[in-house]
Protein chains: 2
Amino acid sequence: MQTSTLTESFVAHFGEMGSRWGINRSVGQVYALLFVTQRPLHADEIGDTLGMSRSNVSMSLKELQAWQIVKMERVQGDRHEYFTTLGSVWDIFRAVAAERRRREIEPTLSMLRQALLMSSESETDKYAQQRMQEMYDLAEMANNWFDELQRMSPDSMRRLMSLGSKIAKLLDLKDRFFSSGTPNKDAQTALIKELESLEDPGKNTDN
Amino acid sequence: MQTSTLTESFVAHFGEMGSRWGINRSVGQVYALLFVTQRPLHADEIGDTLGMSRSNVSMSLKELQAWQIVKMERVQGDRHEYFTTLGSVWDIFRAVAAERRRREIEPTLSMLRQALLMSSESETDKYAQQRMQEMYDLAEMANNWFDELQRMSPDSMRRLMSLGSKIAKLLDLKDRFFSSGTPNKDAQTALIKELESLEDPGKNTDN
DNA sequence: CTGAACTTTCAGTAATTTCTGAAAGTTTAA
DNA sequence: TTAAACTTTCAGAAATTACTGAAAGTTCAG
């Protein structure tokens, strides 16, 4: 397959970044190529275009399918298996988040759970367990948060993302609203106003 | 330095996980040891305890200091440099998030910016650029979001994390409240009620 | 200032991860 | 049912990354 300079630099970058993202170069390149190519490609085309061995392409596609960000389709009267990227960038974001949770958080959670069950005699061990408990709380929270992310619709996700610092502001206002015994009219007005401006519609003109 | 089985298994796990977290084994182990040890340690103690070379310890500490999750302190009349982990797990979370943004998002953003400036002649290139634009929007949003995280106090962060799915619920209610021309009393009551229960105080008994 | 006591650097080596090509396995049009 | 046309597996080669030890650099008590 012919590729333009544009596509080539995108693919190359994804390959290099792969290592930082915890995926390997080949997998990154295959994904990048599929991502910017409109029609489905079969393994030979991919290997040919990227200059990598057939078996490496096969392995990479398998990995990407496991991540559920690439899907296979068959064409009647053609023995090739064709591949495309799956869904919108939001679906991809979600899939990647899920995989990272599985690989990066869950194993640590179960290790910490086990460590916290051990009995600690010495002062040293008591301190160590206390620190592990802190880390456990953090990890568990991150885990739950990923879990929520999983369940959200792409739309909710986009909106949540775009909220940013406004959430903190809202929490602040909420505190002031409810802390002062009887909620007063002014606090309520401020709160409602803040809610109204939550997503700052002035910004959303082209997405 | 003597270490218990508890500490040893924690350190070992961090070493193994390191690779998945994009940090190397040695760095992970050094961090883990400092994390669960109450008093500051110097490089020799660390190398001795973990059975790694002096130079490897030095490199690892340098890396951890660059991440700003370990700090050095000096003791009067002692030429050793002593090291401890920095702050609470929330500070660590923030530092790690900052580093990941720098390494994992920013380079991609600048590559995409450049790619999007290239002129696209063919249909193929036009499609590729359209896809890159989608990815750019996502990456930029993630970037901004990390940025906000950076600015938040540990307390706000903890609260935001514990909100989880309630945010989505709140956005829903907000829509219903403002969409219906004149906000009605019922919608307002529901909204206020949801706000009130945002952090489910029943759960927050011991943190 | 000095030099003992530390830390850092870096070139070479070891360990790990990635990639390939040959062989085995699978699928499907005829 | 067959065999052509594909995909997958896996052992070993290549590439990358991590680690060490010796040497150079730095710091600070005396």
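Side-chain atoms are counted along with the backbone in the values below, which use heavy atoms only and exclude waters and symmetry mates. Order of the sequence lines sets the chain letters (A, B, ...), proteins ahead of strands, with each chain counted from 1.
Between the side chain of A:S110 and the main chain of A:P107, a donor-acceptor pair closer than 3.5 Å is present. Using modelled atom types, one side-chain atom of A:S88 and one backbone atom of A:W90 make a donor-acceptor pair closer than 3.5 Å. No donor-acceptor pair under 3.5 Å is formed between the side chain of A:T7 and the backbone N or O of A:S4. In this structure, the side chain of B:R131 engages the main chain of A:F35 through a donor-acceptor pair within 3.5 Å. B:E104 places no side-chain N or O within 3.5 Å of a backbone atom of B:R101 that could act as its donor or acceptor partner.
The CZ-C1' distance, from B:F83 to C:dT8, rounds to 11 Å in whole Å. If you measure from atom CD of A:E16 to atom C1' of C:dT18, you get 16 Å, rounded to the nearest angstrom. Atoms CD (B:Q76) and C1' (C:dA5) sit 16 Å apart, rounded to a whole Å. If you measure from atom CZ of A:R25 to atom P of D:dA14, you get 16 Å, rounded to the nearest angstrom.
The phosphate of C:dT28 has OP1 or OP2 within less than 4.0 Å of a side-chain N or O from A:R74. Neither OP1 nor OP2 of D:dT17 sits under 4.0 Å from any side-chain N or O of B:N24. Side-chain nitrogen and oxygen atoms of A:K62 include none within less than 4.0 Å of the OP1 or OP2 phosphate oxygen of D:dT7.
Between A:R74 and A:E81 there is a salt bridge, since a side-chain N of the basic residue sits under 4.0 Å from a carboxylate O of the acidic one. Between A:R39 and A:E45 a salt bridge is recorded (basic side-chain N to carboxylate O distance below 4.0 Å).
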Provide a list of protein-nucleic acid N or O atom pairs under 3.5 angstrom, restricted to nucleotides 20-22 of chain C.
residue, atom, partner, partner atom, Å
C:dT20, OP2, A:S53, N, 3.0
C:dT20, OP2, A:S53, OG, 3.1
C:dT20, OP2, A:N56, ND2, 3.1
C:dG21, N7, A:S55, OG, 3.1
C:dG21, O6, A:S55, OG, 2.6

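For a distance-only test at 3.5 Å, the side chain of A:R79 qualifies as a donor-acceptor partner of the base of D:dA4.
Nucleic acid contact for A:H42: none, since no nucleic acid atom lies under 4.0 Å from a heavy atom of the residue.
In this structure, B:Q65 and A:S60 both approach DNA chain C, and ranking their closest nucleotides by distance from the 5' end singles out B:Q65. Along DNA chain C, the nucleotide closest to A:I23 and the one closest to B:D44 are compared, and the more 5′ of them pairs with B:D44.
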